Amino acid sequence: MSLRLHLGDAPFPRMPDGSAGEWAGFFDGSAELVAKDWPPLLWWALFGPGDLAEARVADTEDAGTDEHAELLDDWGATTYPYLVAERRAAVARLRGRRDGLTGLIGERYAPVVDAFAAYVDTRFGPYVLLRTGALAGDGDRVRPLFAETLADLERLGAGQGPAAGGPLSGLAADFRRWRHTDPVRLLSGTGPDWPDDELRERLAATAGDGSSPAHRAVARWGAVALLVLGVVALWVRAA
């Protein structure tokens, strides 16, 4: 069964506090994107190391509910990592990493980076919140991966390549492997009016067969060679 992670806006720079009953009204009118199992690459690119925060597992539910009581019994004060950033800073960070990102995923997908940045900038409120409650039970394992990924992105933003074999390289490799399925979803999740038809049509218009320029050159010369052989064969037959 897949896990669901959420990228949305928040009125404050933190996760809602279940102990204060803040979940009840949190989703009123908020924009939110969804991804499965792990944050996609462009979500990560919104954040920096200083945006990593912790929340109690028990506070993923409001106090006074049976769910909160059960979580409190099972997990006590145990916390899990999540990410939150001021929206304007997050969008500026993403745009500043554009060249590094397209160097990893391909220039063809630059419109996805640009459109995603515009979407977050216009649809989200004052803070961007990556809700990782689905990973709360595995906090000890994912916490160092979060820190490593954010450090990798800092290097990318500084014009350096990501660490070889690191989490950022892994995200880019996974995207390149599966980009033929649904590149926008893989890079940025899905949600209300995202992605729009214009972006999908723009990507479709630039779609090729996925081969490299070298492969296409070989194919062209192969076609020329076949044509020449065909002409020679006709000439021999006529002779």
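We number each residue from 1, following the sequence as shown. None of these values were measured; they are calculated from a predicted model.
For Asp73, the CG atom is densely surrounded, since the number of other residues' heavy atoms within 6.0 Å is greater than 12. Within a 6.0 Å radius of CZ in Arg123, more than 12 heavy atoms belonging to other residues, nucleotides or ligands are found.
Contact between Tyr119 and Pro192 at its shortest, heavy atoms only, is OH-O, 2.7 Å. Between Pro126 and Pro11, the shortest heavy-atom contact is CG-CA, 4.1 Å. Here the closest non-hydrogen pair linking Val184 and Pro195 is CG1-CB, 3.5 Å. Across Pro40 and Ala35, no two heavy atoms sit closer than the pair CD-CB, 3.6 Å. Taking every heavy atom of both residues into account, Leu5 and Ala134 meet most closely at CD2-CB, 3.9 Å. Between Gly48 and Leu150 the shortest heavy-atom distance is O-CD1, 3.7 Å.
A donor-acceptor distance shorter than 3.5 angstrom exists from the side chain of Thr65 to the backbone of His68, with no hydrogens or angles considered. When atom types are taken as modelled, the side chain of Asp62 and the backbone of Trp23 share a donor-acceptor pair closer than 3.5 angstrom. Looking at Asp74, its side chain never comes within 3.5 Å of a backbone N or O of Leu71 through a donor-acceptor pair. Proximity of a side-chain donor or acceptor of Asp51 to a complementary backbone N or O of Leu83 within less than 3.5 Å is not detected. For the pair Tyr82 (side chain) and Met15 (backbone), a donor-acceptor distance under 3.5 Å is present. No donor-acceptor pair under 3.5 Å is formed between the side chain of Asp9 and the backbone N or O of Phe124.
Within the model, atoms CG of Asp66 and CD of Glu61 stand 10.5 Å from one another, a figure rounded to the nearest 0.5 Å. Annotation: the span from Leu129 atom CG to Glu32 atom CD amounts to 8.5 Å, rounded to 0.5 Å. Distance CZ/Arg93 to CZ/Arg88: 13.5 Å, rounded to 0.5 Å. Note that CG of Asp140 and CG of Asp138 are 8.0 Å apart. Values are rounded to the nearest 0.5 Å. Taken to the nearest 0.5 Å, the CG atom of Leu171 stands 9.0 Å off from the CG atom of Asp152. For the atom pair CG of Leu199 and CZ of Phe116, the computed distance is 11.5 Å after rounding to the nearest 0.5 Å.
Between Thr132 and Phe146, some side-chain heavy-atom pair lies under the 4.5 Å cut-off. Counting heavy atoms from C-beta outward, Asp59 and Ser19 have side chains that approach closer than 4.5 Å. Annotation: side chain of Pro162 is not in contact with side chain of Arg155 (no heavy-atom distance under 4.5 Å). Using a 4.5 Å heavy-atom cutoff, the side chains of Leu94 and Val120 are not in contact. For the pair Pro49 and Glu154, the minimum side-chain heavy-atom distance is below 4.5 Å.
Hydrophobic cluster membership differs between Val142 and Val57, with clusters built from Ile, Leu, Val, Met, Phe, Trp and Tyr side chains linked at under 4.5 angstrom. Trp43 and Tyr80 sit in two unconnected hydrophobic clusters of ILVMFWY residues. Membership requires side-chain heavy atoms under 4.5 Å apart, directly or through other members. Leu52 and Tyr127 are not part of a single hydrophobic cluster, where members link through side-chain heavy atoms under 4.5 Å apart. Note: the hydrophobic cluster containing Trp38 also contains Leu42 (ILVMFWY, side chain heavy atoms under 4.5 Å, direct or indirect links). Leu104 and Val112 fall within a single hydrophobic cluster, where Ile, Leu, Val, Met, Phe, Trp and Tyr side chains are chained together by heavy-atom contacts under 4.5 Å.
Judged purely by distance below 3.5 Å, without hydrogens or angles, the side chains of Thr60 and Arg131 never pair a donor atom with an acceptor atom. Side-chain atoms of Thr206 and Arg108 include a donor-acceptor pair closer than 3.5 Å.
Phe175 and Trp44 have their aromatic ring centers separated by at least 6.0 angstrom.
Salt bridge absent: Arg143 and Glu148 never bring a charged side-chain N and a carboxylate O closer than 4.0 Å. Using a cut-off of 4.0 Å between Lys/Arg side-chain N and Asp/Glu carboxylate O, Arg179 and Asp174 are scored as not salt-bridged.
Applying the salt bridge (charged side-chain N to carboxylate O under 4.0 Å, His left out) test to Glu70 and every residue at least two apart in sequence or in another chain returns nothing.
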- Message: Go through it in stages, so that I can follow the logic: the residues are Leu72 and Arg56, the test is side chain to side chain contact (heavy atoms under 4.5 Å, CB included), and I'd like the CA-CA distance, side-chain angles, deciding distance and then a yes or no.
- Response: CA-CA 9 Å; Leu72 198 56; Arg56 286 202 315 172; 3.7 Å; yes
- Task: Walk me through it: do Arg202 and Asp114 pass the test salt bridge (charged side-chain N to carboxylate O under 4.0 Å, His left out)?
- Result: CA-CA 12 Å; Arg202 187 172 179 184; Asp114 296 336; 5.9 Å; no
- For Thr190 and Leu33, what are the C-alpha separation, side-chain angles and deciding distance, and is it a side chain to side chain contact (heavy atoms under 4.5 Å, CB included)? CA-CA 5 Å; Thr190 58; Leu33 300 176; over 6 Å; no
- List the steps and the verdict of salt bridge (charged side-chain N to carboxylate O under 4.0 Å, His left out) for Glu22 and Arg14. CA-CA 11 Å; Glu22 292 181 341; Arg14 55 177 174 78; 2.7 Å; yes
- Task: For the pair Asp182 and Arg200, evaluate salt bridge (charged side-chain N to carboxylate O under 4.0 Å, His left out) and give the outcome as yes or no after the intermediate values.
- Result: CA-CA 10 Å; Asp182 188 344; Arg200 288 195 181 279; 3.4 Å; yes
- Task: Run the numbers on Trp194 and Ser188 for side chain to side chain donor-acceptor pair (under 3.5 Å), then give the verdict.
- Result: CA-CA 9 Å; Trp194 178 260; Ser188 56; 3.0 Å; yes
- Item | Test salt bridge (charged side-chain N to carboxylate O under 4.0 Å, His left out) applied to Arg87 and Asp121, step by step | CA-CA 7 Å; Arg87 175 182 50 81; Asp121 200 25; 2.7 Å; yes
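Results of the side chain to side chain contact (heavy atoms under 4.5 Å, CB included) test with Leu41 over Leu186, Leu168, Thr149 single out Leu168 as the only residue that passes.
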